[in-house]
Amino acid sequence: MQKQNQATTDPGLAAQSAPLIAIASVIVSMALIAIGNGLMFAYIPVRLGADGFDPTWAGLIVTGLSAGGLAGCILTGPLVKRVGHARAFMVLSALIALSNAAIGAGPIPLLWIAARALYGFAICGLFIVAQSWLNDALPNAIRGRVMAVFYVAYIAGLGVGYATLAVVDIHTAAASLIGITFTALSILPVGMTRLAQPPAPQAASVALRRAWRISPVGVAGMLAVGGLSMIVSGFAPIHATAKGYSQADVALLLSAMPVGTLILQIPLGWISDRTDRRYVLAGAAALAVVASVLAIVFDGGALMALVVIYLIWDGASESIYALSSAHAADRAAKDELLALSSSMLFAWSLAGFIVPGIVTALSAVFGTATFIYVGIVIASVFCLFVLWRVLAGRPTPAATSGSFAPMSAQTPLPVELAFAPDEPIRHAKD
């Protein structure tokens, strides 16, 4: 009885005693959702291309998704405050199912733009709910490892969803039905979980100037990867379809891309924990530039060469997200973490909305390969900016920096929760 009372009054001890199966319910739910999400990402541009629609429509759909995501970043907090994490999760999952159902009505571009905007709103909100729920349940000692499992599970789910396109008849509603099925299945683990719900989230204001003062490189990294992530994942299948690659080819290309995230992040993160993270960030950006140049050189060529190139390009771009997050956290004082988290997410979302819109407009004039050139510009500018900051600022000592944790730009940072580490982090000028 004494131990039970102590666990009730001590939040840290209660978090440690949270059943692993209850924690796993959130992770499993997001992995199931990822399968349907990956399939819909691959299916939409292929279906539009097969039905003879101009690629501009597919670009507008990507832009609509990004706009919905930006709204989700702003409105999810009030939703969670009103109904709690579990109900918010179910509501947002239901919106994804509705979005998939609208896609199943057939290729009606205006309807699909609205449907994907609804999806963008819901998926961004789901990540905020899931990550903040896990962060509240986990003690600092294991939070990094469990969140790494969360990211890997979602990325793996996306890969499975991408690959599923190869066996789907795109001229039927099969893809939409599969997406709805996995979304419905994802509600079951959360609906039956015994994991305690966190308290209502704190209000988190967006303060980009303050975040920039804390870490210019961190904010710039979020702006860069917000654009890179959306154009690589959103426009690669559009371009591949326009170039005449088959449905199975597009499925293979997309399913290979998440592998790059898993392969590159671990070694880059290990190196960044032992040196100035800015050198590693510059290296990741330079690698993204090289990969995108190679994507132009081999454009329309052998599929396997493109698979390797896009694997590296996507992995390098996604690594910028995790490295920027870790770098900014190294430079934030304990009381700055909350505002920093919300501001970083806003920067990521803003770029994820603006850049696809620019690419869509330019693609109407210069063709679907435009996204590759825009990616070169973004990665090059960010690389040069980081190198300039290396000369202008001092590094954070390794002893005072946090530990790197794998992340994906497909899984945005939670707005309202930025949990402090066990030890306060020293503030250092970037």
Side-chain angles (χ1 to χ4, degrees), residues 33-34 36-51 53-76 79 91-128 158 161-162 170 175-176 179-180 183 223 225-242 254 345-365 368 370-371 374-375 409-412:
I33 285 177
N37 292 350
L39 175 58
M40 299 310 293
F41 258 110
Y43 166 76
I44 289 173
V46 172
R47 177 63 190 272
L48 290 176
D51 285 8
F53 285 93
D54 189 279
T56 302
W57 282 111
L60 289 172
I61 289 171
V62 174
T63 305
L65 187 157
S66 304
L70 187 61
C73 295
I74 298 170
L75 299 177
T76 299
L79 174 63
V91 167
L92 294 166
S93 297
L95 294 180
I96 289 183
L98 288 173
S99 170
N100 291 340
I103 299 298
I108 308 171
L110 291 178
L111 176 63
W112 281 20
I113 291 173
R116 294 303 277 174
L118 181 64
Y119 163 80
F121 171 85
I123 194 61
C124 190
L126 275 175
F127 279 121
I128 293 169
L158 282 178
Y162 293 146
I170 62 170
S176 180
I180 292 171
T183 303
L223 290 170
V225 77
L228 282 174
S229 175
M230 286 307 302
I231 63 174
V232 175
S233 62
F235 287 87
I238 297 173
H239 180 59
T241 300
L254 289 177
L345 175 60
F346 183 80
W348 174 87
S349 304
L350 186 63
F353 169 59
I354 293 175
V355 174
I358 293 174
V359 172
T360 299
L362 293 176
S363 296
V365 180
T368 56
T370 300
F371 81 102
V374 173
Q410 303 300 321
T411 59

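Please read these numbers as outputs of a predicted model, since none were measured by experiment.
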Val355 and Met230, any side-chain heavy atoms less than 4.5 Å apart: no
What distance do [X] atom [atom1] and [Y] atom [atom2] have between them, rounded to the nearest 0.5 Å?
| X | Y | atom1 | atom2 | result |
| --- | --- | --- | --- | --- |
| Thr56 | Leu48 | OG1 | CG | 11.0 Å |
| Leu223 | Ser349 | CG | OG | 10.5 Å |
| Thr241 | Ile44 | OG1 | CD1 | 12.0 Å |
| Ile354 | Thr63 | CD1 | OG1 | 11.0 Å |
| Phe235 | Thr368 | CZ | OG1 | 10.0 Å |
| Asn37 | Leu158 | CG | CG | 6.5 Å |

Listed partners of Ser93 passing side-chain contact (heavy atoms from CB on, under 4.5 Å), at least two apart: Ile33, Phe89, Leu126, Thr183, Ser186, Ile187
Atom of [X], atom of [Y] and distance for their closest heavy-atom approach:
| X | Y | answer |
| --- | --- | --- |
| Val225 | Trp348 | CG1-CD1, 3.9 Å |
| Leu95 | Ala122 | CB-CB, 3.9 Å |
| Met40 | Ala175 | SD-O, 3.7 Å |
| Phe353 | Ser66 | CA-CB, 3.5 Å |
| Ser99 | Arg116 | OG-N, 4.2 Å |
| Leu65 | Phe41 | CD1-CZ, 3.9 Å |

For Asp51, all residues meeting salt bridge (charged side-chain N to carboxylate O under 4.0 Å, His left out), sequence neighbours excluded: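 Salt bridge (charged side-chain N to carboxylate O under 4.0 Å, His left out) list for Asp51, sorted by chain: Arg47.
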Could you walk me through whether Val62 and Val359 pass the side-chain contact (heavy atoms from CB on, under 4.5 Å) test, one step at a time? CA-CA 10 Å; Val62 174; Val359 172; over 6 Å; no
Given Leu362 and Phe371, is the side-chain contact (heavy atoms from CB on, under 4.5 Å) satisfied, shown in steps? CA-CA 9 Å; Leu362 293 176; Phe371 81 102; over 6 Å; no
Got a donor-acceptor contact below 3.5 angstrom from the Trp57 side chain to the Pro45 backbone?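 Between the backbone of Pro45 and the side chain of Trp57 there is no qualifying donor-acceptor contact (under 3.5 Å).
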